[in-house]
Amino acid sequence: MQAMQIGFNPEYTEESPSLDEINSLKGMAILEFGAPWCGHCQAFCNALEEVMKSHSELIHIKVFDGKGKRLGRQFGVKLWPTLILLRDGQEVARIVRFTSVDEIHELLGSNV
C-alpha cells in the first residue's frame with residue numbers, strides 16, 4: 001500500500017512522502033498522521049472512511065508517524081490522529097485528536 005492514494009486510504013505506511021512531494025501536490029488533499037496501534041486512531045478510522053466517501057476525489061495520505069519520523073516533525077504533529085487539509089501542498093486547516101464525525105465534516109466542508 002502506498003501512503004498516497006485518491007479516496008480513502010485504509011492503511012498506514014512507514015514510507016511517507018517527502019516534504020517536497022507534499023509541497024508539490026496540486027489540488028486538495030488530506031494528510032493523516034497516526035499509528036495502527038493507536039487507540040484514538042483506531043476509534044475514528046471508520047468515521048473518516050465514511051466521511052471520505054463523499055469526498056472520494058481527495059488524495060488521502062496516511063502516514064505512520066512516531067519517534068524519528070521526519071514528516072510528522074516538519075508538520076509539528078504531537079498527538080494522533082492529526083488530519084491536515086492541504087490545498088496545493090499548503091496547510092489550510094487541521095484537527096487533532098478529533099472526537100466526532102462532525103469535526104471531520106467541518107474540516108472538509110468549510111474548505112473543500
Side-chain angles (χ1 to χ4, degrees):
M1 177 64 65
Q2 294 181 351
M4 199 178 309
Q5 74 179 45
I6 296 175
F8 179 72
N9 189 349
E11 296 180 31
Y12 289 102
T13 182
E14 291 200 48
E15 292 189 30
S16 64
S18 69
L19 185 58
D20 287 339
E21 290 173 308
I22 297 292
N23 289 337
S24 68
L25 289 172
K26 299 297 177 210
M28 302 301 289
I30 289 285
L31 178 57
E32 177 184 354
F33 290 96
W37 49 263
C38 169
H40 296 283
C41 300
Q42 292 170 357
F44 280 94
C45 181
N46 291 339
L48 180 58
E49 180 177 13
E50 186 64 33
V51 172
M52 288 288 294
K53 286 179 184 177
S54 60
H55 296 280
S56 60
E57 75 287 355
L58 288 178
I59 296 170
H60 182 201
I61 307 159
K62 193 164 184 165
V63 176
F64 188 164
D65 192 34
K67 187 175 183 176
K69 301 290 187 172
R70 186 168 175 86
L71 191 62
R73 304 307 65 80
Q74 290 171 316
F75 276 92
V77 173
K78 295 183 183 199
L79 295 172
W80 303 324
T82 293
L83 293 180
I84 299 174
L85 184 63
L86 305 169
R87 178 180 291 123
D88 296 329
Q90 301 303 306
E91 181 175 341
V92 294
R94 80 169 54 194
I95 54 175
V96 178
R97 201 167 275 180
F98 46 93
T99 59
S100 73
V101 173
D102 292 339
E103 290 175 271
I104 304 169
H105 279 296
E106 186 177 315
L107 173 75
L108 298 176
S110 62
N111 295 291
V112 177

Worksheet item: Does the side chain of Lys62 come within less than 4.5 Å of Glu11's, by heavy atoms?
Response: no

Discussion item. Give me the atom names and distance for the closest heavy-atom approach of Pro17 to Leu71.
Written reply: O-CD2, 3.5 Å

Worksheet item: Does the side chain of Ile30 come within less than 4.5 Å of His55's, by heavy atoms?
Response: no

Fill in: pair Trp37-Phe64: side-chain heavy atoms closer than 4.5 Å
yes

Worksheet entry | Which residues share a salt bridge (charged side-chain N to carboxylate O under 4.0 Å, His left out) with Lys53, sequence neighbours left out | Glu50

Practice prompt. Evaluate whether atom CD1 of Ile6 has more than 12 neighbouring non-hydrogen atoms of other residues, nucleotides or ligands under 6.0 angstrom away.
Written response: no

Show me the donor-acceptor pairs, under 3.5 Å and distance only, between side chains in residues 40-48 and residues at least two apart or in other chains.
| residue | atom | partner | partner atom | Å |
| --- | --- | --- | --- | --- |
| Gln42 | NE2 | Pro36 | O | 2.6 |

Worksheet item: Listed by chain and number, what are the side chain to side chain donor-acceptor pair (under 3.5 Å) partners of Glu91, not counting sequence neighbours?
Response: Arg94

Discussion item. Tell me every residue that passes side chain to side chain donor-acceptor pair (under 3.5 Å) with Glu49, counting only those two or more places apart in sequence or in another chain.
Written reply: none

Item to complete: Could you pull out the closest heavy-atom pair between Leu107 and Leu85, with the gap in Å?
Response: O-CD2, 3.6 Å

Discussion item. As an exercise, state the distance from CG of Leu86 to CD1 of Ile22, rounded to the nearest 0.5 Å.
Written reply: 6.0 Å

Please tabulate, for the side chains in residues 74-82, all donor-acceptor contacts under 3.5 angstrom to protein atoms that are two or more places apart in sequence or on a different chain.
| residue | atom | partner | partner atom | Å |
| --- | --- | --- | --- | --- |
| Trp80 | NE1 | Asp65 | OD2 | 2.9 |
| Thr82 | OG1 | Leu79 | O | 2.5 |

Practice prompt. List the atom of Met28, the atom of Val92, and the distance in Å for their closest heavy-atom pair.
Written response: CE-CG2, 4.5 Å

Worksheet item: What is the distance from atom CD1 of Ile61 to atom CG of Leu31, rounded to the nearest 0.5 Å?
Response: 5.0 Å

Worksheet item: Does Ser100 have any side-chain contact (heavy atoms from CB on, under 4.5 Å) partners at least two apart in sequence or in another chain, and if so, which?
Response: Asp102, Glu103

Worksheet item: If you look at every heavy atom in Pro10 and Gln5, which pair is closest and at what distance?
Response: CD-NE2, 4.0 Å

Worksheet item: Would you say Arg70 has more than 12 foreign heavy atoms packed within less than 6.0 Å of its CZ?
Response: no

Practice prompt. Mind running side-chain contact (heavy atoms from CB on, under 4.5 Å) on Met4 and Leu25 for me, showing each step along the way?
Written response: CA-CA 11 Å; Met4 199 178 309; Leu25 289 172; 3.7 Å; yes

Worksheet item: Are Val96 and Val63 in one and the same hydrophobic cluster, where Ile, Leu, Val, Met, Phe, Trp and Tyr link if side-chain heavy atoms are under 4.5 Å apart?
Response: no

Worksheet item: What about Phe8 and Leu108, same hydrophobic cluster or not, with Ile/Leu/Val/Met/Phe/Trp/Tyr joined at side-chain heavy-atom distances under 4.5 Å?
Response: yes

Discussion item. Just to verify, what does Ser18 make a side-chain contact (heavy atoms from CB on, under 4.5 Å) with, not counting sequence neighbours?
Written reply: Asp20, Glu21

